[in-house]
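Worksheet for the structure shown next.
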Amino acid sequence: MGVIGLIRHGITDWNVQDRVQGRSDIPLNAEGRRQAESLAERIKGDSWDVIITSPLIRARETAQIITEFIPTLNILEEQRICEIDCGQLEGTTEEQRLDAWGANWRELDLGMERYEDVAERGSRFLEEIWSDYEGRNVLVVSHGAIIGLSLQKLLPQQFPTTYIDNTSLTLLTKMNQAWDCPLFNCTKHL
């Protein structure tokens with residue numbers, strides 16, 4: 001039948017510092033590499049046909065670690081599954097945002113990509129992958145916002161809101177034109 005396995009990259013120093021990463025190219029830290037190894041150990045016995053990753057280094061590193069455990073996988077990069085562009089917010093902490101723009105900073109136009117646009121590009125990508133790799137098992141290594149917003153668009157009743165943990169595994173399937181998510185944000189390997 002096929003399945004899409006959505007994976008958020010391992011943790012980075014900016015995640016730990018609560019800095020907005022967006023498109024900033026921040027590598028995994030040591031804990032993030034350990035998380036990716038734990039996830040790879042968990043899924044190495046499953047049958048995966050391909051792994052597609054965001055080109056940002058934290059996702060690419062996560063995908064590369066997975067292929068060390070599953071060497072039969074070829075890594076493909078896909079720009080459309082990059083993280084949300086956070087504009088002027090990138091690199092900032094909540095305290096810095098409050099200092100710079102005040103308590104209502106969320107209401108300002110700070111160059112951030114619209115959630116609707118992120119959800120659209122993510123869900124279109126998933127629809128294409130489902131069609132292009134029909135009946136196959138595809139891993140997708142990406143980022144928290146795009147994974148969550150895509151799930152909210154594809155399955156709005158199941159996901160009015162989402163939070164995606166680092167190196168979590170979410171499984172998507174589709175039957176009779178209807179998406180299903182039998183596993184969400186699972187981190188039992190950590």
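As the structure is a prediction and not an experimental result, all values here were calculated from the model.
Closest non-hydrogen pair, Thr62 versus Ala36, comes out as CG2-CB, 4.1 Å. Minimum heavy-atom separation, Phe159 to Cys181: CZ-SG, 3.7 Å. What you find for Ala59 and Ser142 is that their closest heavy atoms are CB-O, 4.4 Å. Between Leu108 and Trp101, the shortest heavy-atom distance links the atoms CD1-CB, 3.5 Å. In plain terms, the two heavy atoms of Leu56 and Cys82 that are nearest each other are CG-SG, 4.0 Å.
Under the 4.5 Å side-chain heavy-atom criterion for Ile, Leu, Val, Met, Phe, Trp and Tyr, Leu39 and Val138 are members of distinct hydrophobic clusters. When hydrophobic clusters are built by joining Ile, Leu, Val, Met, Phe, Trp and Tyr residues whose side-chain heavy atoms come closer than 4.5 Å, directly or via intermediates, Leu149 is not grouped with Phe184. Both Leu169 and Ile65 are assigned to one and the same hydrophobic cluster, defined by single-linkage of ILVMFWY side chains at heavy-atom distances under 4.5 Å. Linking Ile, Leu, Val, Met, Phe, Trp and Tyr residues whenever their side-chain heavy atoms come within less than 4.5 Å leaves Leu76 and Trp48 in two separate clusters. Under the 4.5 Å side-chain heavy-atom criterion for ILVMFWY residues, no single connected hydrophobic cluster contains both Ile75 and Ile129.
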Requested in this report: Take Ser168 and Ile7, measure what side chain to side chain contact (heavy atoms under 4.5 Å, CB included) needs, and give me the verdict at the end.
Outcome: CA-CA 6 Å; Ser168 65; Ile7 296 169; over 6 Å; no
Query - Pair Thr167-Ser38, side chain to side chain contact (heavy atoms under 4.5 Å, CB included): steps then yes or no - result: CA-CA 9 Å; Thr167 67; Ser38 294; over 6 Å; no
Requested in this report: Apply salt bridge (Lys or Arg N to Asp or Glu O under 4.0 Å) to the pair Glu116 and Arg121, showing each step before the final yes or no.
Outcome: CA-CA 9 Å; Glu116 298 83 8; Arg121 74 177 158 86; over 6 Å; no
**Report entry** His9 and Gln21: CA distance, side-chain angles, deciding distance, side chain to side chain contact (heavy atoms under 4.5 Å, CB included) verdict
**Finding:** CA-CA 12 Å; His9 61 81; Gln21 286 184 115; 4.0 Å; yes
Query raised in the report: Could you go step by step and tell me if Cys186 and Leu183 meet the side chain to side chain contact (heavy atoms under 4.5 Å, CB included) rule?
Result: CA-CA 7 Å; Cys186 184; Leu183 184 70; 3.7 Å; yes
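At least one side-chain heavy atom of Ile81 sits less than 4.5 Å from a side-chain heavy atom of Ile52. At a threshold of 4.5 Å between non-hydrogen side-chain atoms, the residues Tyr133 and Asp49 do not count as touching. The shortest side-chain heavy-atom distance between Asp85 and Met112 does not fall under the 4.5 Å cut-off. Between Val140 and Ile4, some side-chain heavy-atom pair lies under the 4.5 Å cut-off. Side-chain contact check for Asp99 versus Glu95: some heavy-atom pair is nearer than 4.5 Å. Two residues are said to be in side-chain contact when any heavy atoms from C-beta on lie closer than 4.5 Å; Phe125 and Ile146 fail this criterion. Residues Asp46 and Ile43 have side chains in contact (heavy-atom distance under 4.5 Å, counting atoms from C-beta outward). Side-chain contact check for Leu151 versus Leu172: some heavy-atom pair is nearer than 4.5 Å.
Of the N and O atoms on the side chains of Thr53 and Glu77, not one donor lies less than 3.5 Å from an acceptor on the other residue. With no hydrogens or angles considered, no side-chain donor-acceptor pair links Thr93 and Arg19 at under 3.5 Å. Judged by distance alone, the side chains of His143 and Ser54 do bring a donor and an acceptor atom under 3.5 Å apart.
The side-chain contact (heavy atoms from CB on, under 4.5 Å) with Thr67 is formed by just one residue from the set Leu139, Asn74, Leu73, Thr72; it is Leu73. Evaluated for a side-chain contact (heavy atoms from CB on, under 4.5 Å) with Asp180, the options Val3, Thr173, Leu171 yield exactly one hit, Thr173. Between His189 and the choices Glu37, Arg42, Gln35, Glu41, the side chain to side chain donor-acceptor pair (under 3.5 Å) rule is met once, by Arg42. Exactly one of Thr187, Thr170, Asn185 qualifies for a side chain to side chain donor-acceptor pair (under 3.5 Å) with Asp165. That residue is Asn185. Each of Arg80, Arg114, Lys153 was compared with Glu120 under the salt bridge (charged side-chain N to carboxylate O under 4.0 Å, His left out) criterion, and only Lys153 meets it. Put simply, the residue from Asp13, Asn15, Thr12 that forms a side chain to side chain donor-acceptor pair (under 3.5 Å) with Asn29 is Asp13.
Side chain of Ser131 to main chain of Glu128: no donor-acceptor pair is present (N/O by atom type, distance under 3.5 Å, no hydrogens or angles).
Using a cut-off of 4.0 Å between Lys/Arg side-chain N and Asp/Glu carboxylate O, Arg58 and Glu83 are scored as not salt-bridged. A salt bridge between Glu68 and Lys44 is absent, with no side-chain N of the basic residue lying under 4.0 Å from a carboxylate O of the acidic one. Salt bridge Glu94/Arg97: present, at least one basic N to carboxylate O contact under 4.0 Å. Between Arg124 and Glu127 there is no salt bridge, since no side-chain N of the basic residue sits under 4.0 Å from a carboxylate O of the acidic one.
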